[in-house]
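Remarks on the structure that follows.
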Amino acid sequence: MRLTLIHSLQGKMLLYLALPVMLIIAGILSYWYSTSLNQAVMQAKLNLSQTADTISAKVNEETQLAVRTTEIMALAQQNGLFGDREASINFVRAVLKMNPSFVGASFGYEPNADNQDQAYINAPSLKEGVYVNQTGRFLPYWHRDFNDSERLLLEPLVDMESSLYYEGVRQQFLRDGNTETMITEPYVYEGRMLVEQSSPIIINDKFVGMASVDRALADITEFLQTIKQQLKIDVLLLSQRDNVIATTLNHSGLKTKAILDTDYASIAKQLKLQGQEREILSANDPFDSGFFYFDKAKVATGNWTVIVRRSEADIIGPIQAQFKPLLAAAFASVLLVFLLFWYFINRTTKRINIAIKSVEQLANGDLSIHVQKYMTQNDELGTMFRSFERLIKASKDIDQVCSAIAAGDFSKTVSKRGPYDRLSDSINLMSSKRHEAEQALVEQTIELRRTQQELVEAEKMSSLGSLVSGVAHEVNTPLGVCVTATSHLREMLIETKNKVASGSLSKTQFSEFISEVDLSCDILLKNMQRAAGLISSFKRVAVDQTTEELRNLYISSYLNEVQKSLYHTLKATPVDITISAKEPEPEVYSDPGALAQIFTNLVMNSIIHGFKNGSQKGQISVHIDYSDSVCIHYQDNGRGMTEEAEKKVFDPFYTTNRAGGGSGLGMNIVYNLVVHRLKGQIFIKEKQSTGVYFFIQFPLTLPN
């Protein structure tokens, strides 16, 4: 056991001492690795964008040279060279010879544009070759020999009416007067990718021909390969129609194909959607496995696109190569630290095993521990055990006092152990304050219950007073009619009696008297029955509300009785109440007084809060159905309640009509009557429209 404790202590000390060192070294390495990776990726992205811009500028420079050359050739024709066929042929040859990147240069006249075609139909050709077609049309085309680039060959242009380099420029001018140089879509000719630049020759606002330069993209491809070798960046060069015209990727089938018809379609679409914005795209390459970064740049002249790509592995590989030896060195350092800690800890942990056992017993709440026999030692452990003994004694005192306080005995106190002993002062103060608080709480609870009961009784008496006032007012109406009918009957009787005494009563007058008596009696009977009905309903409802007796009743019929007692209040409002029940309706054994007060409070709550004190037209629907219990569905279509009101509606003294005299006890009384008197439950259900929806459920039979 002792050996186990020693090993446990050694392990903990190693954990607390060696682990921080290990975490610090790991943190430093992680920070260096993360920072290095982030910096490398950021620099690589920056280099990628700069490379794209460099390639774009290089391609644009080459394209602009060809465009400027064709424009100069066209300007030469427009400024005196036009019609001088021999000088024009020499001019084209000089242009081609001065620009090694050009593979061809030409002039092309419209048929008989210089009025010399007829003279050249049978004219002998120059030494270098033919420069007119069969009709004598001037079409000199100088181009380099594919086998010997220093050798220049001359032959006439062909397919003039179907070629983009001639007919395209011609139609461009004829259609909208556009004299800009046209750059054709690159194409492969005898194994080489070529692109043509053509400028129109306009004389007297008339298209008379074109000047053209053919440029091979071999130099650009070599430039791109150099970029790849130096920077490990692959390049895709796209034409205006997004066809691949140059690439450093070793994938067959890419060149001359539309990029959207290749596996790079998704990446190309994402780059294109960026528009003028520049954002590095990260994606898995469809051909080469691994994660790559992509960027694009536009070539201003020709509207070409440069797409560059670099592998993430090429970026983070050097960082990972540097990290491995650092990781090995860190591991060796941690191992050395671990061994040193183990050596020193092993020398000290054996002497404090007993102290550990004592501390564990004390930590587990075992106050029966005895360390007196270890207190006689004069070393550090002896001093520690003497401190343990004082701690154990103080813990026992605190335990006794706290147990007494928990049992309600506040007479015990903790002895102060020294001038800085705040714990004993705090426990003694807590005992005193708790004693005072418990006494005050008892008194306040009694007072609160008394006040709440008085408020509840006042609310009930207020409700009953309103009921009495309303019924009294309603009874006055039929009684007033009865008094009026009786007075009229008495006057008729006196008048008839006098006529009988004087002998002047006719048969017709007697018949009229009998009719008036019959009508008056009918009026008296109906109004007395109405008054008796009102008094009977009031008696049942009032008695039910002032007693807590249970009896058998039909709930829908009883609620109709309660509604009659509320007639005085309801008749002044445009609010209709409908009460319905599931048929056949069973007789229940319940508390009618509670039901009357619940129904009255709900109706008055709807009128006051839902229909603005009865000023708004509305509908209250009460439906009763039965299963193994009574279920009452109470709904109105008034203003409804806020979320806060729904949460607090059953809280005592909560009201939204404090200014209007609301006490906040109405719905709390409803809740207590349902839960405590009817042994049921009430809650607000979700509704599909405006208003409120209360659901009440209680047993069919209440226990006595």
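Lys617 is not listed as a side-chain neighbour of Thr573, based on a closest heavy-atom distance of 4.5 Å or more. Side-chain contact check for Val622 versus Ile632: some heavy-atom pair is nearer than 4.5 Å. Between Pro592 and Val562, every side-chain heavy-atom pair lies at or beyond the 4.5 Å cut-off. For the pair Ile598 and Arg677, the minimum side-chain heavy-atom distance is 4.5 Å or more. Residues Asp263 and Asp285 form no side-chain contact, since every pair of their non-hydrogen atoms from C-beta on lies 4.5 Å or further apart. Counting only heavy atoms from C-beta outward, the side chains of Val575 and Asp636 never approach each other to under 4.5 Å. Inter-residue side-chain proximity for Phe291 and Asn284 is flagged as met; some heavy-atom pair is nearer than 4.5 Å.
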Residues Asn601, Asn605; criterion side chain to side chain donor-acceptor pair (under 3.5 Å); working and verdict
CA-CA 6 Å; Asn601 284 12; Asn605 195 64; over 6 Å; no
Intermediate values then yes/no, side-chain contact (heavy atoms from CB on, under 4.5 Å), His609 and Val692
CA-CA 11 Å; His609 299 286; Val692 296; over 6 Å; no
Would you please test Leu602 and Met667 for side-chain contact (heavy atoms from CB on, under 4.5 Å) and show each step?
CA-CA 8 Å; Leu602 288 176; Met667 294 306 297; 3.7 Å; yes
Could you walk me through whether Val588 and Leu553 pass the side-chain contact (heavy atoms from CB on, under 4.5 Å) check?
CA-CA 6 Å; Val588 301; Leu553 72 156; 4.0 Å; yes
Test Phe611 against Asn637 for side-chain contact (heavy atoms from CB on, under 4.5 Å), laying out the working first.
CA-CA 9 Å; Phe611 303 112; Asn637 61 351; 3.4 Å; yes
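The two atoms that bring Leu281 and Gln270 nearest to each other are CD1-OE1, 3.3 Å, heavy atoms only. The minimum heavy-atom distance between Ala594 and Leu673, with the atom names listed, is O-CD1, 4.0 Å. In this structure, Ile555 and Leu595 approach most closely via the heavy-atom pair CG1-CD1, 4.4 Å. In terms of heavy-atom proximity, Pro574 sits nearest to Gly614 at CD-O, 3.0 Å.
Relative orientation of the Phe294 and Tyr264 rings is perpendicular, given thresholds of 30° and 60° on the angle between their planes.
In this structure, CD1 on Ile267 lies 10.5 Å from OG on Ser282, to the nearest 0.5 angstrom. With rounding to the nearest 0.5 Å, the separation of CD in Gln563 from OG1 in Thr578 is 8.5 Å.
Evaluation of the side-chain hydrogen bond (donor to acceptor under 3.5 Å, both in side chains) rule for Lys612 yields no partner, not counting sequence neighbours. Remark: Phe698 pairs with no residue by the ring pair (Phe, Tyr, Trp, His ring centres under 6.0 Å) rule, at least two apart or across chains. Every side chain to side chain contact (heavy atoms under 4.5 Å, CB included) that Leu702 has, sequence neighbours left out, goes to Leu550, Ser590, Asp591, Leu678, Lys679, Pro699. Taking the side-chain hydrogen bond (donor to acceptor under 3.5 Å, both in side chains) definition, one finds that Tyr589 meets it with Asn704, sequence neighbours left out. Partners of Tyr671 under the ring pair (Phe, Tyr, Trp, His ring centres under 6.0 Å) rule, at least two apart in sequence or in another chain, are Phe650. A search for side-chain hydrogen bond (donor to acceptor under 3.5 Å, both in side chains) contacts involving Asp295 returns Ser49, Arg278, not counting sequence neighbours.
When each of Tyr634, Phe694, Phe695 is checked for a ring-ring contact (aromatic ring centres under 6.0 Å, His included) with Phe683, only Phe695 meets the rule. Residue Glu279 is tested with Lys296, Lys45, Gln274 for a side chain to side chain contact (heavy atoms under 4.5 Å, CB included); the sole match is Gln274. When each of His623, Glu585, His633 is checked for a side chain to side chain donor-acceptor pair (under 3.5 Å) with Ser580, only His623 meets the rule.
Within 6.0 Å of atom CD in Glu583, more than 12 heavy atoms from other residues, nucleotides or ligands are found, so the atom counts as buried in its surroundings.
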